[in-house]
Amino acid sequence: MNNTDSEYIIEVEDLVVQYGTRSVLDGISFKVKRGEIFVILGGSGCGKSTLLRTLVGLLQPQSGKICMFGKDVTKMSDKEQIELRKSIGMCFQNSALFNSMTVGENVALPLKEHTHLADSTIEIMTQIKLDLVGLSGCANLYPSQLSGGMRKRAGIARAMALDPEIIFYDEPSSGLDPIVAAGLDQLIRKMQNTFNLTSVVVTHDLESVQIIADRVCLLNEGKIVAIGELKDMEANNDPYLRQFFTRTPNIEENQHTSVILD
Amino acid sequence: MIVQLLGYIGSKFLNGLHSSLVVCVLIMDTLNWLFYQPLKGRGLRWRNAVEYIVEYGFHSIPIVGLISLLIGLIMGMQFAYTLQQWGVTIFMADIISIAALRELAPLMSAILITGRSGSAITAEIGTMKVSEEIDALMVMGLNPVKFLIVPKFLGMIIAVPCVTILSMLIMIAGGFIVAVGILGMDFWTYFNQTAGAIISKDLFSGMIKSVFFGLTICWVGVYRGFQVESSAESVGKMTTSSVVTSIFTIIIVDLIWTTLFYFTD
């Protein structure tokens, strides 16, 4: 990718995504700086996963602009998109490893398909990536033989296979015990420090936000409530934001309506 | 009442139209990645295709072989019983070979492979969709059609005709067992009668059909797989639906080709 020297690596402008006639994202705009960890926070059903899927090109927006590396992703040709996909990586919520392949084969797959490297080189590179995430001895295991945390780590190794510049994480700590989740937070930090990776993390886990976030954006009902550094968030008095950060439940009658809205 | 009925028929019709459009797109995509893209230097996954040929073809030989043999025996006994009333038992050779070549071998092979592998295709793709593996492929810049469908497609259109030829031979052999083993006919008389009955058009029409049956099994399986919504229950539902739709479509395709081959000039 030919990089412009712009400070921002991802720029999203007025993004609208609809399922049928229902708006899931309604006029989202934000910018992600090169080399930072940008966290997208929000409750269930607020559209944060939809936002992530739109960013990586799995969903087409109805309108708006997504620029990565200074190019509009929504107007790219197929070929340009494939080139772009080589410089981004994504870790899925349930890690989405290919169950019919071993962990090593999973990590080697992008290398095999997108490069012309010799098999021996690919094997070494796979080993390096697995060492990086702390799964040194697991290359010949199948995903079903791994624990949840190990699977997420393997997912990160696969996303890192082509040395991307941006990496997207979908709920990295969901379904993990606190110790494993903390380890994963550390890993996300380490990746960013070592490779100057830009990371976009979708989560609702406030504790991991404290550890990993450089900047945070809070979503509610398809709109951005607040955006900025964590300390700005603490100073912000928006009622939803306060409720979210203090973990206050909805009062009874509101709870009923929110269930319907979900 | 009438309005409701018309509405029901209309919505069913529109649904059908929509799914046939989706299937058409799928077919175009498959052909694109099978013929056009490899010319532009984006390779075919041959090794996977060979694995699928072994899985769909070689591994289905025992069951297809056994069933073909049993059907050959059944046909032999039925025709021998009927024909001996006129004393022309020898004609069972003609009937069995024509029935096997034109209809029974292609149909039985296709239906058995639908049950074995058509369902497996749907379940595989459906499960991959539920566990976001398809999305993972797309994010990696790997085309699911090239990666998942084209190898299966190649596997099917090669495996089904091969299995069909074998099934034809075994069905005819079943007839031999009844005629020579049970009824005590002379082997060479029966052999010559069979050889005289087989014409290349029968073989040809059977083979053409089996190729199209292979296409049907693959596309219906893949289409149903992609229809899976994100739940395990939906995988089961679509797998069942894949087998039913596939068998139904195979019969329709059979009807069309039979009409083309034998009832048009």
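In what follows, chains carry the letters A, B, and so on, assigned in the order in which the sequence lines appear, proteins first and then strands, with residues in each chain numbered from 1. This structure is a prediction, so every number in the text was calculated from the model and none was measured. Heavy-atom basis, side chains included; hydrogens, waters and symmetry copies ignored.
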J.: Within this structure, what is the OG-CD distance for the pair A/Ser95 and B/Glu132, rounded to the nearest 0.5 Å?
T.: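 The CD atom of B/Glu132 is 9.0 Å from OG of A/Ser95, to the nearest 0.5 Å.
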J.: Verify the neighbour count for atom CD of A/Gln18: are there more than 12 heavy atoms of other residues, nucleotides or ligands below 6.0 Å?
T.: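 Correct, the count exceeds 12.
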J.: Is it true that, when you exclude B/Gln227 itself, more than 12 heavy atoms of the residues, nucleotides or ligands shown sit nearer than 6.0 Å to its CD?
T.: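 Above 12, so yes.
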J.: Under a 4.5 Å heavy-atom cut-off, does chain B meet the side chain of A/Leu109, its backbone, both or neither?
T.: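 The side chain, not the backbone.
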J.: Do you know which of B/Thr127, B/Asn143, B/Asp135 has the most heavy-atom pairs with chain A at a distance under 4.5 angstrom?
T.: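 Most heavy-atom pairs within the cutoff with chain A belong to B/Asp135.
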J.: For the OG atom of B/Ser131 and the CG atom of A/Asn99, what is their distance to the nearest 0.5 Å?
T.: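 Between B/Ser131 OG and A/Asn99 CG, I get 5.5 Å after rounding to 0.5 Å.
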J.: Around B/Phe13, counting heavy atoms of other residues, nucleotides and ligands shown, do more than 12 lie under 6.0 Å from its CZ?
T.: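 For B/Phe13, atom CZ is not crowded (no more than 12 foreign heavy atoms under 6.0 Å).
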J.: Among all residues two or more places apart in sequence or in another chain, which pass the salt bridge (Lys or Arg N to Asp or Glu O under 4.0 Å) test with A/Glu36?
T.: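 Partners of A/Glu36 under the salt bridge (Lys or Arg N to Asp or Glu O under 4.0 Å) test: A/Arg215.
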J.: Is the CE atom of A/Met101 crowded by more than 12 outside heavy atoms at less than 6.0 Å?
T.: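 It does: A/Met101 CE has more than 12 such atoms within range.
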J.: Non-hydrogen contacts under 4.5 angstrom with chain B: give the residues of residues 48-64 of chain A involved, or none if there are none.
T.: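 The residues closer than 4.5 Å to chain B, in numerical order, are A/Arg53, A/Val56, A/Leu58.
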J.: As an exercise, state the distance from CE of B/Met140 to CZ of A/Arg85, rounded to the nearest 0.5 Å.
T.: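 Answer rounded to 0.5 Å: 11.5 Å.
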J.: So do the side chains of A/Glu113 and B/Lys146 get within less than 4.5 Å of each other, counting heavy atoms only?
T.: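 Yes; the side chains approach each other to less than 4.5 Å.
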J.: Are any of the side-chain heavy atoms of A/Phe92 and B/Glu133 separated by less than 4.5 Å?
T.: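 Side chain of A/Phe92 against side chain of B/Glu133, heavy atoms only: no contact under 4.5 Å found.
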J.: Under a 4.5 Å heavy-atom cutoff, which of A/Lys86, A/Gln93, A/His114 has the most pairs with chain B?
T.: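 Maximum pair count with chain B is reached by A/His114.
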J.: Side chain, backbone, both or neither: which part of B/Leu137 has a heavy atom under 4.5 Å from chain A?
T.: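 Looking at B/Leu137, backbone and side chain both touch chain A.
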